[in-house]
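Side-chain atoms are counted along with the backbone in the values below, which use heavy atoms only and exclude waters and symmetry mates. Just so you know, ligand 1 is whichever comes first in the structure, and atom 1 is the first atom listed for that ligand.
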Amino acid sequence: MPPTTDDHRLTALAEQSAALISSLQTPEGAYPASPTFSAYVGYSWFRDGAFIADGMSSWGEAASAEQFFDWCARVLEARSDHLERIVEAALAGRPVPDEAMLPTRFTFDGREGDDEWWDFQLDGYGTWLWAVGEHVGRHGADPSRWRTAVELSVDYLVSSWDRPCYDWWEEHPMHRHGSTLGCIVAGLRAALGLGVLDETRASAATAAAAAAEARLKGEAVSDGHLAKWIGSSEVDASLAAVVGLLNVVGAGTDIGRRTIDAVEDDLTKDGGVHRYLDDTFYGGGQWPLLSCMLGLAHARAGSTARARELLDWAASTAATDGSMPEQVDRHLLAPTRVDEWVDRWGSVAQPLLWSHAMLIRLVVELGLRPDADVRRATSDARA
Ligand code: BGC
C-alpha cells in the first residue's frame with residue numbers, strides 16, 4: 001500500500017525527532033533526558049538512554065547508538081572496583097546497603113553528580129544490555145568493544161537481581177517490580193546472545209535470567225496480567241514494554257494479552273496512557289512514550305490498527321515546533337496535584353528525548369519507514 005499523507009507526517013516527525021536527539025547527544029555520547037527541565041538538566045539515565053539508543057539504531061543512526069553504548073561502557077569500567085566490591089559482598093551474604101549500589105543517572109562526563117536522587121534502580125543495567133543486543137542483531141556491529149562493560153553489568157545483575165529497588169518512576173523502593181524484573185531478564189538474555197561471555201559467566205547469567213523470569217511470571221502476576229510489583233494487584237504501563245519491545249513475555253501469550261488488556265482498561269483514555277492509577281506527578285497525566293510502548297505491544301500481538309491509533313495519539317502531543325513532552329494534561333488522575341510540581345520544578349519536561357525515541361521506534365515497527373536500509377548504509381558509512 002502506498003504511504004498516505006498521514007504516514008508522511010509521522011515519518012517527518014520521526015525524522016525531526018532523530019535530528020533533535022542527534023543535536024542534543026553530548027560529545028561524550030550521553031543522551032540528556034531533557035535539555036531544559038530543571039530536575040533533569042545535565043544528567044543521562046541508563047533507562048531513558050537505552051530506549052533512545054534503540055530508537056536511533058532502528059532509524060539507521062548506528063553511530064549515535066554506538067556512541068551511547070561507549071559512554072555506558074566508560075561509566076561502568078570506571079567503576080569496576082566498586083562493582084567488584086558489590087558483587088563480592090553479595091556473594092559473601094553481606095550485601096551492601098542501597099546507598100552503595102550504582103546510581104540510575106550520571107552526568108555527561110560520567111560522574112554521579114551532586115544532586116540527591118532516588119538512585120538505586122536496577123532496570124537500566126538490563127535495558128542498556130538489551131539495547132546493545134538489539135543493535136548488534138540489527139546492524140551486525142561487533143560487540144567485543146563493549147565486552148568488559150557487558151561482563152560488569154552481568155556480574156552486577158547476577159549478584160543483585162533479586163533486591164527490591166526504585167522502579168521506572170523512581171518510586172516504591174521496598175518492592176520487586178514487574179517491569180524491573182522484565183528489564184533484568186531482557187538484559188541478561190541479550191548479554192548471553194552477544195556471545196562475549198565466558199562459560200562461567202554465561203552459566204551464571206543463564207541461571208539468574210531463568211530465576212528472574214520464574215519470579216516475574218510466577219509471582220509478579222495478578223488476575224492473569226503482569227503486576228506493578230510482587231504482591232500488587234495493579235498494573236503499571238511500563239509492563240507494556242516487558243510484553244512488547246523487550247519481548248520477555250510474548251505478546252501473544254495469555255499473560256501478554258491480559259497485560260495489554262489491563263493497561264488498556266485501567267490506564268488508557270483515548271490513546272493516552274497513564275503510568276499507574278495512583279500517579280500524582282504533575283497531576284498524573286498521559287505519557288506519549290507509554291502510548292508508543294503500548295502500541296509496540298499491540299503491534300507484536302498483531303493489532304496494528306490499534307498500534308496506529310496509539311501512534312497517532314502520541315504524535316498529537318508534539319508542539320508546533322515538533323518537540324514532544326514527558327506528559328500532557330488532557331486527562332488527569334489527580335488534577336489538584338499539578339501546582340505543587342510546577343512550583344517545585346517548573347512546567348512539564350519538553351522536549352523529553354525518550355518520548356521522541358519511542359515515536360521513532362513505533363514508526364519503524366509499523367513499517368512506515370520503507371527507506372530504512374538506505375539510511376542504514378549512510379549511517380554505517382559515516383561510522
Ligand atoms: C521518570 C523516569 C525517567 C526520568 C528522566 C522521571 O520523571 O519517572 O522514568 O527516567 O524522569 O526522564
Side-chain angles (χ1 to χ4, degrees), residues 17 20-21 24-26 30-55 68 72 75 102-108 112-113 115-128 130-131 165-173 175 177-180 182-183 228-229 236-242 245-246 267 273-293 317 323-329 333-334 337-338 340-342 344-359:
S17 294
L20 177 78
I21 293 169
L24 293 170
Q25 186 167 21
T26 72
Y31 293 122
S34 171
T36 45
F37 185 63
S38 64
Y40 305 169
V41 166
Y43 288 92
S44 179
W45 274 249
F46 268 43
R47 170 181 45 255
D48 297 39
F51 288 115
I52 297 166
D54 182 58
F68 176 71
C72 294
V75 163
L102 294 186
T104 191
R105 62 180 202 168
F106 299 89
T107 59
F108 306 147
E112 311 203 352
D115 307 284
E116 286 288 303
W117 203 254
W118 301 271
D119 253 329
F120 171 39
Q121 303 169 27
L122 286 167
D123 63 273
Y125 295 92
T127 44
W128 98 272
W130 163 82
C165 64
Y166 287 103
D167 63 7
W168 270 35
W169 315 128
E170 317 188 297
E171 296 172 336
H172 306 112
H175 294 298
H177 302 90
S179 48
T180 302
C183 293
K228 187 166 169 63
W229 60 68
D236 186 290
S238 59
L239 295 164
V242 178
L245 205 47
L246 301 175
L267 299 176
V273 180
H274 296 282
R275 299 193 298 179
Y276 59 97
L277 276 182
D278 291 333
D279 193 8
T280 57
F281 183 53
Y282 283 88
Q286 296 166 300
W287 289 48
L289 76 90
L290 291 175
S291 297
C292 295
M293 287 290 189
T317 67
S323 77
M324 294 180 69
E326 182 177 66
Q327 61 171 290
V328 292
D329 60 3
L333 296 170
R337 305 293 298 276
V338 176
E340 67 194 71
W341 286 102
V342 176
R344 183 172 174 186
W345 283 350
S347 47
V348 165
Q350 178 158 355
L352 186 88
L353 272 62
W354 190 6
S355 300
H356 285 277
M358 295 319 304
L359 179 116

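Of the candidates R275, E171, Q327, R275 brings a heavy atom nearest to atom 8 (O) of ligand 1.
Atom 3 (C) of ligand 1 has D48 OD1, 3.5 Å as its closest protein atom, hydrogens excluded (heavy atom only). Looking only at heavy atoms of the protein, atom 7 (O) of ligand 1 is closest to Y40 OH, 2.4 Å. Given atom 9 (O) of ligand 1, the protein heavy atom at minimum distance is W168 O, 2.6 Å.
If you number the atoms of ligand 1 from 1 as listed, the ones under 4.0 Å from a heavy atom of W169 come out as 8 (O), 9 (O). Of all atoms in ligand 1, numbered sequentially from 1 with element shown, those under 4.0 Å from a heavy atom of L352 are 12 (O). Near W354, meaning under 4.0 Å from any of its heavy atoms, are these atoms of ligand 1: 9 (O). Applying the 4.0 Å criterion to heavy atoms of R47 picks out, from ligand 1, the atoms 2 (C), 3 (C), 9 (O), 10 (O).
The shortest heavy-atom distance from F281 to ligand 1 is under 4.0 Å. Not a single heavy atom of T104 sits under 4.0 Å from any atom of ligand 1.
Aromatic ring centres of W117 and F106 lie farther apart than the 6.0 Å criterion allows. Taking the six-membered ring for Trp, W168 and W287 have ring centres at least 6.0 Å apart.
The closest side-chain heavy-atom distance from L290 to L267 is not below 4.5 Å.
Between W229 and H175, the ring-plane angle classifies as parallel under the 30° and 60° cut-offs. The aromatic rings of Y125 and F46 sit tilted, their planes meeting at an angle between 30° and 60°.
Every ring pair (Phe, Tyr, Trp, His ring centres under 6.0 Å) that Y40 has, sequence neighbours left out, goes to F37, W45.
Q121 pairs with exactly one of H177, E170, R105 by the side chain to side chain donor-acceptor pair (under 3.5 Å) rule, that one being E170.
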